[in-house]
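Accompanying notes for the structure given below.
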Amino acid sequence: MATRLRPANKKCTVIGGSGFLGQHMVEHLVGKGYTVNVFDIRKGFDNNKVQFFLGDLCRKEDLLPALEGVMVVFHCASPAPSSNNRELFYAVNYIGTKVVIEACKEAGVQKLVLTSSASVVFEGTDIKDGSEDLPYAKKPIDYYTETKILQEKEVLSANNPEGPFLTVAIRPHGIFGPRDPQLVPILVQAAKSGKMKFVIGDGKNLVDFTYVENVVHGHILAAEQLQRDSPLCGKALHITNDEPIPFWVFMSRILIGLGYEAPKYRIPYWLAYYLAFLLSLVLMLLRPFLIINPTFTPMRVALAGTFHYYSCERAKKLMGYKPPVSLREAIEKTVESYPHLRRTA
Ligand SMILES: NC(=O)C1=CN([C@@H]2O[C@H](COP(=O)(O)OP(=O)(O)OC[C@H]3O[C@@H](n4cnc5c(N)ncnc54)[C@H](O)[C@@H]3O)[C@@H](O)[C@H]2O)C=CC1
Ligand SMILES: CC(C)CCC[C@@H](C)[C@H]1CC[C@H]2C3=C(CC[C@]12C)[C@@]1(C)CCC(=O)C[C@@H]1CC3
């Protein structure tokens, strides 16, 4: 196994460090004795142990000051997946990532760890224990995923041990945990407005949900073990909780934990998908007059009604990954962290 980073090499930058995953990354890195720079378009929190650099990753001149003397860059910035802004996804995830690579090389950064997504291979049909060797989706489920594919390809092909500039992509799936602005808040909002009554499909489809601290652990392991001649160089690695769970069991545990009822009726998958598709067409036609962001989108129905879980054998074998937090503990910690979303009478 490769040697760990020496203290002198422990200066890093977290691009997207104000976001959900980014903030957890920063806390763990500081706890492990790293000197941490945060680069983001917004300041998401206060911490006098880290240095903030505010700017747009699409601008090299904004990035360069945040990369001075830095050995490792973690790139976990992206526009929110629920956004409809195609131009923004392309500009930030694809063009912006090329700028990140250029800036890293210019600043002498030696390692780039990208937060990719396991969804880069998902086309809306079942994936069971999928490995990293599955081909990229030819028809990605949305534009966010299309640009995550372009981004990952850029980062992995930039790997150049001679540089040395070493790259690796971490592919988590369904990240959840304290302070997540997406999964639990959207679920609770849907429950509050009476929309969480139906299980889509037969409820048996297994999905990976990954606790944020396990995702952080996977990133830090990869950074520390990314060395010239390491088998991690230029590779993508799934990082999951390694405990796939039926989608609706997971959702029900969160809902019940927060005092809401679990969905109890069934709707066939194809019916839910076509209803969501029809709704999205109607809302598209209405867009010049009225903007509504629906809870049920074809993409969410596909995520809720199909099997999609991934093998993390490669991460186990190549870097000794083992999720530190079990799913049971992760759900408990998550539920406890949202007292403000708990049902009141
Ligand atoms: N949340 C999830 O379930 C999953 C997320 N991912 C990936 O993990 C990464 C982190 O996601 P989250 O923390 O959930 O998202 P987030 O939205 O909480 O954080 C993203 C951060 O990127 C920043 N950002 C966006 N555009 C920027 C720009 N042009 N310049 C500088 N900073 C910019 C935002 O201000 C935000 O702080 C993303 O790359 C996402 O694609 C992958 C798999 C699953
Ligand atoms: C209303 C319900 C049908 C579902 C509510 C929960 C959803 C908001 C989440 C369930 C699976 C999640 C997920 C993502 C976002 C939030 C969910 C759709 C991602 C799309 C986030 C970005 C990725 O890279 C992939 C994720 C897959 C799972």
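For ligands, and for the atoms within them, numbers begin at 1 and follow the listed sequence. Because the structure is a prediction, the values reported are computed rather than measured. Numbers here simply count residues along the sequence, with the first being 1.
Ranking the protein heavy atoms by distance from atom 25 (C) of ligand 1 puts Ser78 O, 3.6 Å first. Of the protein's non-hydrogen atoms, the one nearest atom 30 (N) of ligand 1 is Leu57 N, 3.0 Å. Here the heavy atom of the protein found nearest to atom 13 (O) of ligand 1 is Leu21 N, 2.8 Å. Counting protein heavy atoms only, atom 32 (N) of ligand 1 is closest to Ile41 N, 3.4 Å. Summary of contacts: the protein heavy atom closest to atom 17 (C) of ligand 2 is Leu303 CD1, 4.7 Å. Protein heavy atom at the shortest distance from atom 18 (O) of ligand 1 is Phe20 N, 2.9 Å. For atom 8 (O) of ligand 1, the nearest non-hydrogen atom of the protein is Thr115 CG2, 3.2 Å. Among all non-hydrogen protein atoms, the one lying nearest atom 12 (C) of ligand 2 is Leu183 CD1, 4.3 Å. Among protein heavy atoms, the minimum distance from atom 25 (C) of ligand 2 is reached at Ser119 OG, 3.4 Å. Looking from atom 34 (C) of ligand 1 to the surrounding protein, the closest heavy atom is Asp40 OD1, 3.4 Å. Regarding atom 3 (C) of ligand 2, its nearest protein heavy-atom neighbour is Phe296 CE2, 3.5 Å. Protein heavy atom closest to atom 27 (C) of ligand 2, with residue, atom name and distance, is His173 NE2, 3.7 Å. Considering only non-hydrogen protein atoms, atom 4 (C) of ligand 2 sits nearest to Phe247 CZ, 4.3 Å. Atom 1 (C) of ligand 2 has as its closest protein heavy atom Thr295 CG2, 3.7 Å.
Of the possible donor and acceptor atoms, one in the side chain of Ser18 sits under 3.5 Å from a partner among the backbone N and O of Gly44. No donor-acceptor distance shorter than 3.5 angstrom exists from the side chain of Ser83 to the backbone of Pro79, with no hydrogens or angles considered.
Within the 4.0 angstrom cut-off, atom 15 (O) of ligand 1 has no protein heavy-atom neighbours. Atom 19 (C) of ligand 2 lies below 4.0 Å from none of the non-hydrogen atoms of the protein.
Shown in contact with Gly16 at under 4.0 Å from a heavy atom are these atoms of ligand 1, numbered in order with element: 21 (C), 22 (O). Less than 4.0 angstrom separates some heavy atom of Pro172 from each of these atoms of ligand 1: 43 (C). Of all atoms in ligand 1, numbered sequentially from 1 with element shown, those under 4.0 Å from a heavy atom of Ser117 are 42 (C), 43 (C). Annotation for ligand 1: atoms under 4.0 Å from non-hydrogen atoms of Asp56 are 28 (C), 29 (N), 30 (N). Each of the atoms 30 (N), 31 (C) of ligand 1 lies under 4.0 Å from some heavy atom of Gly55. Close approach of ligand 2 to Ile186 (heavy-atom distance below 4.0 Å) involves ligand atoms 8 (C). Near Lys148, the atoms of ligand 1 lying under 4.0 angstrom from a non-hydrogen atom of the residue are 38 (C), 39 (O), 40 (C), 41 (O).
The shortest heavy-atom contact between Gly19 and Arg42 is CA-NH2, 3.6 Å. The shortest heavy-atom contact between Asn159 and Pro161 is ND2-CD, 3.8 Å. Summarising the geometry of Ala118 relative to His238, their closest heavy-atom pair is CB-CD2, 4.3 Å, with the distance given to 0.1 Å. What you find for Ala66 and Phe53 is that their closest heavy atoms are CB-CG, 3.6 Å.
Counting heavy atoms under 4.0 Å from ligand 1, residue Gln182 touches it through the side chain alone. When heavy-atom distances to ligand 1 are checked against a 4.0 Å cut-off, Ser116 comes that close only through its backbone atoms N, CA, C and O. With a 4.0 Å cut-off on non-hydrogen atoms, His75 does not touch ligand 1 at all. With a 4.0 Å cut-off on non-hydrogen atoms, Ile200 does not touch ligand 2 at all. Only the side chain of Tyr144 comes within contact range of ligand 1, with a heavy atom under 4.0 Å; no backbone atom does.
For the pair Lys43 and Phe52, the cation-pi test (distance below 6.0 Å, angle within 45°) is passed. In this structure, Arg86 is positioned above the aromatic face of Tyr143, its NZ or CZ under 6.0 Å from the six-membered ring centre and within 45° of the axis.
Between Ser117 and ligand 2, a contact under 3.5 Å exists for at least one N or O pair. Among the atoms of His173, none of the N or O lies under 3.5 angstrom from an N or O of ligand 1. Looking at ligand 1, you'll find an N or O of Ile175 within less than 3.5 Å of one of its N or O atoms. Not one N or O of Val92 is nearer than 3.5 Å to an N or O of ligand 1, by distance alone. The shortest N/O to N/O separation between Tyr144 and ligand 2 falls below 3.5 Å. For Gly19, a nitrogen or oxygen atom sits less than 3.5 Å from a nitrogen or oxygen atom of ligand 1, counting backbone and side chain alike.
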- Task: May I have the step-by-step check of ring pair (Phe, Tyr, Trp, His ring centres under 6.0 Å) for Tyr310 and Phe122, ending in yes or no?
- Result: CA-CA 10 Å; Tyr310 302 86; Phe122 182 60; 7.6 Å; no

- Item | Trace of the ring pair (Phe, Tyr, Trp, His ring centres under 6.0 Å) decision for Phe250 with Phe209 | CA-CA 8 Å; Phe250 179 82; Phe209 289 97; 3.9 Å; yes

- Check the pair Asp242, Lys316 against salt bridge (Lys or Arg N to Asp or Glu O under 4.0 Å), reporting the backbone distance first and the verdict last. CA-CA 10 Å; Asp242 205 20; Lys316 289 187 199 165; 2.7 Å; yes

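Of the listed residues (Asp40, Leu114, Leu63), just one forms a side-chain contact (heavy atoms from CB on, under 4.5 Å) with Ile15, and that residue is Leu63. Evaluated for a side chain to side chain donor-acceptor pair (under 3.5 Å) with Thr115, the options His219, His75, Lys148 yield exactly one hit, His219. For the pairing with Tyr321, the side-chain contact (heavy atoms from CB on, under 4.5 Å) check across Thr240, Ile170, Asn214 returns one residue only, Asn214. Evaluated for a side-chain contact (heavy atoms from CB on, under 4.5 Å) with Arg171, the options Ile239, Leu237, Val120 yield exactly one hit, Val120.
The number of heavy atoms from other shown groups lying within 6.0 Å of OH (Tyr274) does not exceed 12. Applying the 6.0 Å contact sphere to CD of Glu332 captures more than 12 heavy atoms from other residues, nucleotides or ligands. Within 6.0 Å of CZ in Arg179 there are more than 12 heavy atoms belonging to other residues, nucleotides or ligands.
Ligand 2 has at least one atom lying under 4.0 Å from a heavy atom of Met251. In this structure, Gly17 has no heavy atom closer than 4.0 Å to ligand 1.
Through chains of ILVMFWY side-chain contacts below 4.5 Å, Phe277 is grouped with Leu281, Met284.
At a cut-off of 3.5 Å, with distance as the only test, a side-chain donor of His308 or His173 sits close to an acceptor on the other residue.
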For residues 182-192, run the donor-acceptor check on the side chains, cut-off 3.5 Å, and write out each pair with its distance to 0.1 Å, sequence neighbours left out.
none

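The closest heavy-atom contact to atom 9 (C) of ligand 1, among the options Ser83, Ala77, Cys76, comes from Cys76.
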